[in-house]
J.: 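Can you read through this structure? Questions will come right after.
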Amino acid sequence: MAKTIDLFQVADEELEARSRFTCRIKTCASTACLSAGAGPVRTALEQAVAAAHAGHDIEVVPTGCMGLCSKGPLVRAEPRGASPTLFEQVTAEGGRAIAETFTGQRSEPDVTVLDESIPFFTQQRRVVLKSAGKINPDRLEDYVAEGGYRAVLTALTEMTPQEVIEVIRDSGLRGRGGAGYPTATKLGLLADAQGETKYVVANGDEGDPGAYMDRTIMEDDPHRVLEGIILAAYATGASQAYIYVRAEYPSAIERLERAIRDARRHGLLGRNILDNSFRLDVAVRIGAGAFVCGEETALMASIEGKRGTPSIRPPYPTERGLWGAPTMINNVETLANLPEIIAGGADAFASVGTGSSKGTKVFALAGKLQHTGLIEVPMGITLRTIVYDIGGGIPNGRSFKAAQTGGPSGGCIPAAHLDTPVDYESLRALGSMMGSGGLIVMDDTVSMPEVAKFFMEFCMDESCGKCVPCRAGTVQLHELLGKICDGKATRADLQLLESLSWTVRDTSLCGLGQTAPNPVFSTLHYFRNEYLDLVAGGR
Amino acid sequence: MANRRARPNGLNVTIDGVEMSAVEGESVLDVARRAGAAIPTLCYLDGLSVHGGCRVCLVEVDGEHAPRLACSTPVTDEMEVRTATEAITEHRRIVVELLFAEGNHICAVCVSNGSCELQDLASEVGMDHVRFPYQYPDRAADASHPKYVFDPQRCILCTRCVRACAEIEGAHVWDVAARGADSYLVTELNLPWGEAPSCTWCGKCVTVCPTGALAFKGRAIGEMEHDTDLVGFLARARTEGEWEGRS
């Protein structure tokens, strides 16, 4: 029998334990920094602290993503009573030097300091990523010390499920997976559905090229995802939840599984959660490498152990989902917003953002920028601020050409629209979409038909093959784009490209095929001349 | 007889301007066929579950921004459906062209020449040439079964065989492997068909195949005829005890 956690006591003890250290050195243990060599840095830090017998004074904390991935591995030293220092591109040697500085063995490390007052950090607003980069994701106590699981406690002891949904409705939260469906409406559909068993599924099958928002959330703050799931399940009456994670995210899977074990051990999952009559079990389900399994009906087929292909809707998952039972599927970022909404209130959440798009959005900022990495910004921020302030502008003296949002389902936004606020409706009006949060900036060296071809190749490779327009249409679209890029196409090919794009969009079964031509439409709309130049050369 | 009125739970549906009465649970395809509208189908087959993969039964429904599938869309009251608008006809034609470009469909040497639903559909949509380059896939035939032969060059992945085998015969010998343009049909867990222990030799897969991909051995060009009514008859016989309608 699990012993129920006393959240307040654990938080106090944790904060007390932290205050005993004269310095806490945080080292990023997220995938981006690990691949840049953060593993040896952490070892060097720990060894140097041990060699100086300073283990009682200095704590080395492996944390999640600090954001500026292009400058990784990042190390942040937080001495007690003094201002913290962020170090960039730390090597093992540098790690040792940093540790030795705080053990008093040397005056200053020979490591570049990263100024945290640059717009990259100051223009962000962290809600979902509030604790990412600050806490050790493998420790439940770390999350509890940040106020974790208080929202569950409040919901279970002071609120009815209907009240939880109402607060979420008032917050204006919309789905962060791309389409922007109002979350409270979805919760309401599952709450109203009749069924002995209901399921909540967290969709962590993020697959857009260059996007790693969900990976970071799951890796760096797994308990926040769990807390969001518990809140969603309580609001809807679900008793079983699944987190569907792609197999390419091994450390996210490992950390989520550890978080689930710890939560169960502390009475936060299982029967009688926090000594209330509510019960919920959560299990991780691992994808098998198909992009299409991010589509909800294909995702459910995959969880059931079937071939991961989408099926026709209706029936919608809330009517007939997993094993025929009512099921709700939410993106992990959507769920990770719930704890803050319940704990901080709907008004505080809704005070950020625009009229119809509330709160913040996490973006994986990539491409031709000075600073790339993971950012969380308030909705309504302009693309210009993201590119020139947060991203630090275009390097190598080149100029901005376009930003691609929404990955292979989205579109590009040219320089003329840089002042567009980033929200669901504005991006859609430009022929792009919010998407799950991939944001790739391109400079003036990029050929837009090549960009369209790249995304079409991705969709062609990821098509499941169930419906003809997607299976065979993406192959022909890719071939036509290749012909255009090679300068061998005629005007008739360009016409055929457009009419086939319409057919694939209007007749494909699921979102993958329906949105696959979007990069073609968007690049044709804003950069038709580039196509015409290439076609003219082929006549 | 007086003006035919809808039954209490009946629905009024308009198909190409023809007013029809329908009952809840019927699909657009059911009602359209009664109305005499010629909606083409490929993967749909009476008696099997709805697959929704071929996309040729697309129709326009008033108030919907994109075409809907006639086979899977349930009718609703006051629904207005158009089955052969210019846009729908063009979509169908492109889908058929995509199918022809994707496989190796050479009617002149096909066992099903003259009794092929893909061929019929091509002439129905007026496909006189294919605008897309042929992919000429390299696919090997499986002639290991003593009675039947599978030629994947002519396969359009409609999965009628998969569903007939799993849902009517209950053997589930067939399934789809790989994905996208690389998708192909497998028997058993990719064993040659002739070595598949779960195959009952019933031949339902062969009778439901819309093209010449599945055929009886020993048939020459144009000699294969399919019996696509069989599974619908069997399904009705089982669920509704209806044994009439077949000689």
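Chain A is the first sequence line, chain B the second, and so forth, proteins listed ahead of strands; every chain is numbered from 1.
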J.: Tell me, side chain or backbone of Leu42(B) under 4.5 Å from chain A's heavy atoms, or both, or neither?
T.: neither
J.: For Asp461(A), which atoms come within 4.5 Å of any heavy atom of chain B: side chain, backbone, both, or neither?
T.: backbone
J.: Side chain, backbone, both or neither: which part of Leu509(A) has a heavy atom under 4.5 Å from chain B?
T.: both
J.: Identify which of Leu157(B), Val95(B), Thr73(B), Leu58(B) forms the greatest number of heavy-atom pairs closer than 4.5 Å to chain A.
T.: Leu157(B)
J.: Looking at side-chain heavy atoms only, is the closest gap between Gln135(B) and Gln476(A) below 4.5 Å?
T.: yes
J.: For a side chain to side chain contact (heavy atoms under 4.5 Å, CB included) with Val468(A), tell me which candidate from Ile156(B), Val96(B), Leu98(B) qualifies.
T.: Leu98(B)
J.: If you round to the nearest 0.5 Å, how far is CZ of Arg68(B) from OG1 of Thr507(A)?
T.: 13.5 Å
J.: Is it the case that the side chain of Arg55(B) and the backbone of Ser508(A) share a donor-acceptor pair, with hydrogens and angles ignored and the cut-off at 3.5 Å?
T.: yes
J.: Check each atom of Arg131(B) against the heavy atoms of chain A and say whether the ones under 4.5 Å are side chain, backbone, both or neither.
T.: both
J.: Measure across Asp506(A) and Ala66(B) and return the closest heavy-atom pair with its distance rounded to 0.1 Å.
T.: O-CB, 4.3 Å
J.: Which atoms of Gln514(A) come close to chain B, meaning under 4.5 Å heavy atom to heavy atom: side chain ones, backbone ones, both, or neither?
T.: neither
J.: At a heavy-atom separation under 4.5 Å, does Ala178(B) approach chain A through its side chain, its backbone, both, or neither?
T.: backbone
J.: For chain A, which of Ser183(B), Pro67(B), Cys54(B) has the most heavy-atom pairs under 4.5 Å?
T.: Pro67(B)
J.: For the NE2 atom on His65(B), are there more than 12 heavy atoms of other groups (residues, nucleotides or ligands in this structure) within a distance under 6.0 Å?
T.: no
J.: Do Val475(A) and Phe132(B) have side chains that approach each other closer than 4.5 Å (heavy atoms only, starting at C-beta)?
T.: no
J.: Could you check which of Leu500(A), Asp493(A), Thr309(A) has the highest count of heavy-atom pairs closer than 4.5 Å to chain B?
T.: Leu500(A)
J.: Does any backbone or side-chain atom of His51(B) lie under 4.5 Å from a heavy atom of chain A? Answer side chain, backbone, both or neither.
T.: both
J.: Under 4.5 Å heavy-atom distance to chain A, tell me which part of Val56(B) shows up: side chain, backbone, both or neither.
T.: neither
J.: Are Ile94(B) and Trp502(A) packed together at the side-chain level, in the sense that at least one heavy-atom pair is separated by less than 4.5 angstrom?
T.: no
J.: Are Thr503(A) and His91(B) close enough that a side-chain donor and a side-chain acceptor fall under 3.5 Å?
T.: yes
J.: Of the listed residues (Ser72(B), Ala87(B), Ala101(B)), which shares the most heavy-atom pairs with chain A below a 4.5 Å separation?
T.: Ser72(B)
J.: Decide if atom CZ of Arg34(B) counts as having more than 12 heavy atoms of other residues, nucleotides or ligands within a radius under 6.0 Å.
T.: yes
J.: Under 4.5 Å between any side-chain heavy atoms of Arg179(B) and Arg471(A), yes or no?
T.: no
J.: Would you indicate whether Asp138(B), at its atom CG, is surrounded by more than 12 heavy atoms from other residues, nucleotides or ligands within a distance under 6.0 Å?
T.: no
J.: Taking atom CD of Glu90(B) as the centre, report whether more than 12 heavy atoms of other residues, nucleotides or ligands fall under 6.0 Å from it.
T.: yes
J.: Select one option (side chain, backbone, both, neither) describing which atoms of Ala290(A) are under 4.5 Å from chain B's heavy atoms.
T.: both
J.: Looking at Ala492(A), Cys464(A), Gly473(A), Gly465(A), which one has more heavy-atom pairs under 4.5 Å with chain B than the rest?
T.: Cys464(A)
